[in-house]
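These values consider heavy atoms only, across backbone and side chains, with no hydrogens, waters or symmetry-generated copies. Counting from 1, the numbers follow the sequence of the chain as shown.
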Amino acid sequence: MKTLLIISGILCALLSIRAATKVNSDTAVPPGSAALQPQARFGFCPNGWLSYGASCYYLSNTPESWGNAERFCADFQSSLASVHSIWEYNFLQRMVQTGGHSFAWLGGYYFEHDWRWEDGSLFDFHNGELISNTYRYQCLQLNTQASTGWSNHGCNMLFPFVCQRKLSC
């Protein structure tokens with residue numbers, strides 16, 4: 001069993017090193033996001049991203065619609081953040097609040113009479129949400145006011161947002 005664990009660790013390290021890429025000078029990088037370039041470090045978040053649990057998080061201070069935020073995150077092999085525990089939600093609240101914001105887009109959206117996460121994970125945590133008219137307000141936003149939980153809003157509204165990227169290995 002120890003041998004299998006050691007071999008898995010070595011294989012993971014080799015794959016991480018091989019997958020690390022160098023960004024060419026002609027690669028298009030969105031303005032203000034130079035810190036998001038891929039890093040060749042094993043088990044760490046890229047510069048400008050914060051680590052929590054098995055994920056890295058990036059707060060974009062530039063307000064975007066939910067759809068544009070989703071595309072921005074996808075450009076960096078990430079997705080809008082999903083939340084699976086009160087501790088993860090509290091971490092994200094502090095992150096957004098420290099960035100000077102009251103609200104930020106998360107990866108939750110309402111589709112076919114159910115809430116889903118954009119990253120495909122199970123919508124298994126409910127945060128005393130203040131869900132209103134799901135016909136008009138189909139995108140989920142984090143609220144930094146501790147007692148109110150998250151809420152839904154119109155997807156075309158402009159808010160800062162949080163990207164989430166799973167750590168490999």
Side-chain angles (χ1 to χ4, degrees), residues 23 28-39 41-111 114-169:
V23 176
V29 176
S33 61
L36 298 176
Q37 295 176 358
Q39 303 292 308
R41 300 180 302 178
F42 175 72
F44 295 98
C45 295
N47 291 332
W49 292 65
L50 296 176
S51 174
Y52 181 81
S55 295
C56 299
Y57 297 89
Y58 176 78
L59 171 64
S60 173
N61 291 308
T62 305
E64 294 285 353
S65 67
W66 191 92
N68 285 344
E70 177 186 31
R71 284 185 283 284
F72 177 95
C73 294
D75 286 345
F76 295 97
Q77 295 78 48
S78 64
S79 61
L80 286 170
S82 58
V83 181
H84 302 282
S85 72
I86 188 65
W87 301 282
E88 188 175 23
Y89 188 75
N90 289 338
F91 166 78
L92 293 173
Q93 277 185 310
R94 285 189 307 276
M95 181 180 174
V96 171
Q97 195 169 41
T98 301
H101 308 290
S102 296
F103 301 98
W105 286 127
L106 294 175
Y109 65 98
Y110 192 77
F111 181 71
D114 204 9
W115 284 98
R116 302 164 191 266
W117 290 118
E118 186 230 342
D119 65 6
S121 62
L122 183 64
F123 201 95
D124 57 355
F125 173 70
H126 297 272
N127 192 24
E129 57 266 27
L130 300 172
I131 301 300
S132 55
N133 183 344
T134 53
Y135 178 73
R136 290 186 62 203
Y137 306 122
Q138 298 179 337
C139 292
L140 199 63
Q141 67 182 12
L142 174 140
N143 187 334
T144 63
Q145 298 155 355
S147 64
T148 58
W150 54 45
S151 57
N152 56 323
H153 213 292
C155 301
N156 290 326
M157 295 298 297
L158 304 179
F159 290 107
F161 55 93
V162 180
C163 297
Q164 178 181 8
R165 177 177 173 171
K166 304 286 186 203
L167 284 172
S168 57
C169 302

Can you name the residues that form a side-chain contact (heavy atoms from CB on, under 4.5 Å) with [X], not counting sequence neighbours?
{"X": "Asn156", "value": "none"}
{"X": "Ser85", "value": "Trp87, Glu88"}
{"X": "Glu118", "value": "Trp66, Glu70, Ser79, Leu80, Tyr109"}

For residues 101-108, which side-chain N or O atoms pair as donor and acceptor with protein atoms under 3.5 Å away, sequence neighbours left out?
from   : atom 1 : to    : atom 2 : distance (Å)
His101 : NE2    : Asn61 : OD1    : 2.6
His101 : NE2    : Gly99 : O      : 3.3
Trp105 : NE1    : Glu64 : O      : 3.0

If a pair satisfies disulfide bond (SG atoms under 2.5 Å apart) and one of its residues is in residues 59-89, list it, with sequence neighbours excluded.
-> Cys73-Cys163

Within this structure, what is the [atom1]-[atom2] distance for the pair [X] and [Y], rounded to the nearest 0.5 Å?
{"X": "Asn90", "Y": "Gln93", "atom1": "CG", "atom2": "CD", "result": "5.5 Å"}
{"X": "Arg165", "Y": "Cys45", "atom1": "CZ", "atom2": "SG", "result": "8.5 Å"}
{"X": "Ser55", "Y": "Leu167", "atom1": "OG", "atom2": "CG", "result": "6.5 Å"}

Ring geometry between Phe161 and Phe72 (parallel below 30°, tilted from 30 to 60°, perpendicular above 60°) = perpendicular

Could you label the plane-to-plane angle of the His153 and Phe159 rings as parallel, tilted or perpendicular, counting under 30° as parallel and over 60° as perpendicular?
-> perpendicular

Knowing that exactly one of Phe76, Phe91, Trp49 qualifies, which makes a ring-ring contact (aromatic ring centres under 6.0 Å, His included) with Tyr57?
-> Phe91

For Tyr110, check ring-ring contact (aromatic ring centres under 6.0 Å, His included) against everything at least two apart and list the hits.
-> Trp115

Test side chain to side chain donor-acceptor pair (under 3.5 Å) applied to [X] - qualifying residues, sequence neighbours left out:
{"X": "Ser51", "result": "none"}
{"X": "Arg94", "result": "none"}
{"X": "Gln141", "result": "Ser151"}
{"X": "Asp114", "result": "none"}

Non-hydrogen atoms of Cys56 and Pro46 that approach each other most closely = SG-CD, 4.2 Å

Would you say Gln164's side chain and Ser82's backbone share a donor-acceptor pair under 3.5 angstrom?
-> yes

Phe125 and Trp150: aromatic ring centres closer than 6.0 Å?
-> yes

Would you indicate whether the side-chain heavy atoms of Val83 and Leu92 approach each other to under 4.5 Å?
-> yes

Given the rule in the side chain to side chain contact (heavy atoms under 4.5 Å, CB included) test, do His84 and Trp117 qualify, once you have shown the distances and angles that lead to the verdict?
-> CA-CA 10 Å; His84 302 282; Trp117 290 118; 3.8 Å; yes

